[in-house]
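Notes follow the structure.
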Amino acid sequence: MPRESMKAKRERALAVEDRMNVHYPAAECALHYWNDPFRLTIAVLLSAQTTDKGVNRVTPALWERYPTIPDLAAANIGDVEDIIRTIGFYHTKAANVIKCAQMVLSEFGGEVPRTMEELQRLPGVGRKTANIVMNEGFGIVEGIAVDTHVFRIAHKLKFTKEETAGKVEEDLLKLYPRECWGPINHQWVLFGRATCIARRPKCGECFLCDLCPSCGKA
């Protein structure tokens, strides 16, 4: 496609979001966290490089065994590994969830912090996780969580050429006004799972085809 001005790209981005709002008007977090910001933090931490369904299968047993933050902070790493063994990178994740619980207790008085900077101090918590916890757990929108779906779709839509999640987020924040930031991750995740699938995008039935420079080119 010919070079697109920033004004035209912003207009196209808003048109994309208008259609997302029609198709996914009440998009919600797919992870189960029982309205508990700490459980949300752990669930998102566990979801890296694995599926939300896989995380949802193991967290009920994790919380049954360790129902409170102090319980998890005192957990045996081998026991936690056994509980989450079916998800990817379970050795590292088991260590991080215990360390995360310990830091929440020792440095934040048993309460999950509510700032991007403090959240990212927690072991295993990067900007994506912090964005989701802020948005979903506290209703505070500071950015757009860029996971694999958002990363892929942003490139398909030619909204970015960047190769890191942080830089992709910066480009999206330039395109979208703040009032759009909150629902984008949940909507694009649903869209990525149902239509813009990584290995076999369903361009023929995509409701964004006329707005997507990559439509039909997969």
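Within the 4.5 Å cutoff, the side chain of F151 has no heavy atoms near those of the T164 side chain. For the pair T160 and H155, the minimum side-chain heavy-atom distance is below 4.5 Å. Y24 places none of its side-chain heavy atoms less than 4.5 Å from the side chain of R19. A 4.5 Å side-chain heavy-atom check between P70 and L105 finds at least one atom pair inside the cut-off. Put simply, the side chain of N131 does not reach to within 4.5 Å of the side chain of W181, judged on heavy atoms. Contact check for E11 versus K7: side-chain heavy atoms found under the 4.5 Å cut-off. Using a 4.5 Å cut-off on side-chain heavy atoms (C-beta onward), P213 and R12 make contact. Residues C29 and L40 have side chains in contact (heavy-atom distance under 4.5 Å, counting atoms from C-beta outward).
Atom OG1 of T68 sits about 3.0 Å away from atom CG of D71, to the nearest 0.5 Å. Once rounded to the nearest 0.5 Å, the distance linking CE of M116 with CD of E142 reads 7.0 Å. Between the CG atom of L72 and the CG atom of L62 there is a distance of 6.0 Å, given to the nearest 0.5 Å.
Annotation: side-chain hydrogen bond (donor to acceptor under 3.5 Å, both in side chains) contacts involving residues 25-49, sequence neighbours excluded, comprise Y33-E136.
The closest donor-acceptor contact from the side chain of R178 to the backbone of V141 lies under 3.5 Å. A donor-acceptor contact shorter than 3.5 Å is absent between the side chain of H23 and the backbone of F191. Side-chain atoms of T51 come within 3.5 Å of backbone atoms of G54 as a donor-acceptor pair (strictly under, hydrogens ignored). Although no hydrogens or angles enter the test, the distance criterion places no donor-acceptor pair under 3.5 Å between the side chain of Q120 and the main chain of G126. With hydrogens and angles disregarded, a donor-acceptor distance shorter than 3.5 Å links the side chain of N56 to the backbone of A30. Under a 3.5 Å cut-off, the side chain of K93 and the backbone N or O of G88 do form a donor-acceptor pair. Checked by atom type and distance alone, the side chain of K167 never pairs as donor or acceptor with a backbone atom of E162 at under 3.5 Å.
Taking both residues in full, the closest heavy atoms of C180 and L14 are given as SG-CD2, 4.1 Å, listed atom of the first, atom of the second, then distance.
With sequence neighbours excluded, the residues satisfying salt bridge (Lys or Arg N to Asp or Glu O under 4.0 Å) with R193 are D52.
Looking at L173, D171, L175 one by one, the single match for side-chain contact (heavy atoms from CB on, under 4.5 Å) with I144 turns out to be L173.
Cluster annotation: F138 and I69 are assigned to the same hydrophobic cluster (Ile/Leu/Val/Met/Phe/Trp/Tyr, side-chain heavy-atom contacts under 4.5 Å, transitive).
For a disulfide, the SG atoms of both cysteines must be under 2.5 angstrom apart; this fails for C209 and C203.
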